[in-house]
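Letters go in sequence order (proteins before strands), and every chain restarts at 1.
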Amino acid sequence: MKEYKIVVLGSGGVGKSALTVQFVQGVFVEAYDPTIEDSYRKQIEVDGEQCTLEVLDTAGTEQFTSMRDLYMKNGQGFVLVYSIAAQSTFNDLEDVRDQILRVKDKDRVPMVLVGNKCDVDDSERLVGKDQGANLAQKFGCTFLESSAKARINVSEIFCDLVQQINKEVVPVPKPKKRKCTIL
Amino acid sequence: MSGVKFELQKEVFESTKERLHGVVTVQKTNRKKKIPAYLCITGSIERPIRFTIYLVKKTEKGFKRKQEWTLSSLKESNYKSKESLEFDLQLEKSYHWLAQSVEEKDAFFALLHQICSRMHRPPKFLNFHIDEEDEATRNVNMAIVSVPKDTQMIESGDEEFGLTEREEFDLEKVLGRAENAVVNAEAFMEQLAKELSILDGENIHSIMDSEAQVNSLMDSIDKSISQLEEIENELVDYEDAVTHVKSAVEKIEEENSQMGTAAKNNQHLLSELTNLIRALDFPVGSQILNADFNSVEGIAKATKDAYALKEALNIEENIHPALLKMRSVADQKRRLEKFKQKFSQNLMSHLAKLFIHHGNISSIDSSSTVQALRLPIINLMYNELTPYTKLMGWLKVMDSEAYGSLLKTYTLSIQKIYEKNVRILFEEARTRISGSATTSGKLSGSTNDLRIRGRFFGKTRSLANREGDTESQGSGEGSVDSSERQHFYDILEQVLEGLEPSVNTEEKFIASFFCLEIGSSSSGNVSIVSPSKGSAGGELRRIMSSLFSAIETELNSFLTNYEKMEASFCMGAMVRLGNHALKAENTSTYIGMIFGSVLVQEKRSFDRLMNSYVQAINDSRLPRKAKPGILAFVTDFEDFAVMAESIFGNSARRSDLEKWYVKMLTAVFDGIMRLAGESGKTPGEVIRMENFHRLHSILSRLKVPALEQQKKDAKIKYNEALNGYVTKYFGRPLIKLNEFFEGVQAKVSQGVKESEIGYQMAFSRAELKRVIKEYPAKEVKKGLESLYRKVEKHLSEDENLLQVVWRAMQEEFIVQYKSIESLISRCYPGSKITLEFTIDDILLFFSEIAQSH
Ligand SMILES: Nc1nc2c(ncn2[C@@H]2O[C@H](COP(=O)(O)OP(=O)(O)OP(=O)(O)O)[C@@H](O)[C@H]2O)c(=O)[nH]1
Ligand SMILES: [Mg+2]
């Protein structure tokens, strides 16, 4: 069976763990306990094929940022989560995406941009859907608004990522920018 | 006609000082009612002559001007034809009129044409021909206005030719006087000639008379002419003088404005120069090179001078770039540049000496590290260096090379202090752990000799034998007791507490001293701004990691070392590290990050350990004992949970533990069911009953809210097992009676009335009595005794459920007894048949049997 290493990234409290647990165990975690690092396994069927996902739920807290390089090196697909109720969590993702591309040394990496907590009242929404869509377009990746609480678009995130990884052509190493110089 | 004309002139135009030149009597073409009106052309008596066209109506009260147009507003006139009385005038709009007669119309048009022909832009005349004009003029006796030949007719109407009314009148009067004489023309002429000559003579006479007067007049005229000439000459003189003055004034004026410009320029130059001099001025001069860096005042003065120098060197910002090309400016700049270089050299060497000095003195003494288990805070150095902070800021801007090299010197000198002390700190921590452990000896001595297992692994090997375990199976005897565990955690806590303040103080100092401060993260721990983002932040991180790189390695090896002896140490390490790393004030600090990375390692160890427990449960086998009793992993779970609760308490990391509780319990449940199915001698029900009973009581004692569901499930499973066991092993001690009544039931269901069962052959009263006889009280008791022995053999002492089971069986027996009794009373009413023992007997048997064992 094919195995997929998926890493969930995003600022603290955006609902990375809630999404992951909802996906893997089908329950919503109401309490907020900052994650250190949790790894889950789950089998799903995508396009008629069984596959095993190894989902790494990471910490959004700043103290753990030094681990990110390693996560990015080992992951195949990335879920970039922000909360539609907190603008700063949205703003943080551009750096994360840049770091992924840098670590992977690629122009494109399988990735889904996720605006979580879409169940909240309109009055609490601070990041517009169009803002998310625009950023995803800039990233050249899929965009979904999700809710771990209301179970909206949860498995879709992971299915899409598996499809992206399947579609990924065998990576041709990016040609180094430096050219040979003849002395 | 002329009568009307006369009237019009008198009544209408006299008052307006106009002369009527022509008039035509007209009617509007479209009017049925024929009120005559007069279309008049007039010219003003006053010059310039203005021609106007009037439409005048005659009413009872006289003439009335209805409309008027200036002639120039006439754009077009249409004569139409000679046969028609109609004509059109195009004024502000088109007017159609009918003249009273062709003659009048002709005369009017002739006049109009004549006047208009002198105009600048004459209107168009349609269907009107000039040659008809003469005829018309001749035919109609009308006054013809002669218009000056001058083209600028209106402005400059010259003398008017033709006779004026008065002249005409005079002439008529003269002619009137001579009316009678016409007959005698010759006489009349003579008379006239005579009169003329008389008049001539008189004329000459009067002329002659006035000669003298004329002469004197001429004289005075001559005189005034000569006077005029004189005045003129004088005037010319005056004019000359005035012209002179005028040119002089002009010259003065010009000079004045030039002087103004010059003054303004001078002012400009002055201010520019003042600016330049102020900008370039550095009064301290070479004194700055003698700056005294050893006193606070000296440093303050040097700081002030250095910033003044910076200001002076910053001239590009203050003065016009063109001025930079000036020699003196360039010279001064060079001079200042030299000061700067020399000064920064002095400053650098002074600071470098200070750094090295402090690096040396502070690394000598490590006693405080040992005594307090605390990394030193180099306050002595901070206090001495802080006054230089502003100078450092100056250096960073003015001489980045010197700044960079100072940064390097600082790092190298201070590094030693921390490297050494970190090492000593951890050494001391190890010593303290083993030192206190001498009583039990478990944590002392070299790690190689240590065979320490978690207590609950030692007692039962099921959890202890984890994969990748290098220990032999018999290593259970060496275990860490809870006071040793506590001691380890206490020391770890002291180490973490001993590291934090020093590292944080150093970080704050470096940030401020080397001007590497970054805006502190605004959103607290909800932000994941990468530290590499700001270059200052990145630089700070870099310096911090070269100063404290030892911490992460030391801490990691310290923990792995002890976890090798006691894997469960990672649990407490995780809790303690979590408390420190996730503190709000450590959000963007270096130590927070170090703790964070070590914490991730500990979390991984923890997950690995928990996973190995789960694995151990899944791999566990039934013990080869006759009675398996309480399975090892069930008691292990309790031991583990008790220890874990004491470590985690209400810490923030509790959720990590609870996740594993759930997984572990799932494995425990599955394990009990699995092993119950595998058991040989002992019934599976007993294994399930005993273990779920135990698990339920463990969970009740633990009181973990997150495990409420598991507790309930354990209870359910226990009850299921108990019921299953009783049903299976108590069975039916009065089997023949049971079978008898099953037959009865079958008949009843076939339609036989219960009261008539006794008349059936197979179920007669006699038959019933016979079956009852087979169960005398003594037999029943004997049967129960053997059952008791069997149950006793099944159940283990671990859980001591014998009484519970025995009681359940007693109840089951009573239920069966009561059901038989009720069937007898229903099917054999009044027969007085009873069983050979009573419920009281049953209760007595059960208690007697239980007591006798
Ligand atoms: N309304 C709503 N709340 C949510 C949703 N997802 C998560 N939450 C809540 O948001 C809080 C944080 O969720 P977590 O999943 O723990 O956040 P996280 O991203 O894992 O945070 P870190 O582990 O610190 O990085 C919790 O209280 C959740 O109950 C959602 O879809 N809707
Ligand atoms: Mg989380």
From [X] [atom1] over to [Y] [atom2], what is the distance, rounded to the nearest 0.5 angstrom?
{"X": "B:E552", "Y": "A:S66", "atom1": "CD", "atom2": "OG", "value": "7.0 Å"}
{"X": "B:S655", "Y": "A:D38", "atom1": "OG", "atom2": "CG", "value": "8.0 Å"}
{"X": "A:I36", "Y": "B:D607", "atom1": "CD1", "atom2": "CG", "value": "9.0 Å"}
{"X": "B:I591", "Y": "A:Q63", "atom1": "CD1", "atom2": "CD", "value": "11.5 Å"}

Answer with side chain, backbone, both or neither: which region of B:R653 has an atom nearer than 4.5 Å to a non-hydrogen atom of chain A?
->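 Contact with chain A: side chain only.
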Measuring heavy-atom distances to chain A, does B:E658 have an atom under 4.5 Å in its side chain, in its backbone, in both, or in neither?
->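 Contact with chain A: none, neither part.
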Side-chain touch A:E37/B:L599, heavy atoms, less than 4.5 angstrom |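 Not in contact.
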With the side chain counted from C-beta on, respond yes when B:Q601 and A:M67 share a heavy-atom pair under 4.5 Å apart, and no when they do not.
->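 Yes - at least one pair of side-chain heavy atoms lies under 4.5 Å apart.
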Counting only heavy atoms closer than 4.5 Å, note whether A:N91 contacts chain B via side chain, backbone, both or neither.
->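 Nothing of A:N91, per the 4.5 Å heavy-atom cut-off to chain B.
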For B:K663, does the NZ atom sit with more than 12 other heavy atoms under 6.0 Å from it, leaving out its own atoms?
->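 Count over threshold, so yes.
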Decide if atom CD of A:Q137 counts as having more than 12 heavy atoms of other residues, nucleotides or ligands within a radius under 6.0 Å.
->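 No, because the 6.0 Å sphere around CD of A:Q137 holds 12 heavy atoms or fewer from other groups.
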What are the two closest non-hydrogen atoms of A:D33 and B:A652, and how far apart are they?
->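 Distance-wise, the nearest heavy atoms are OD1-O, 4.3 Å.
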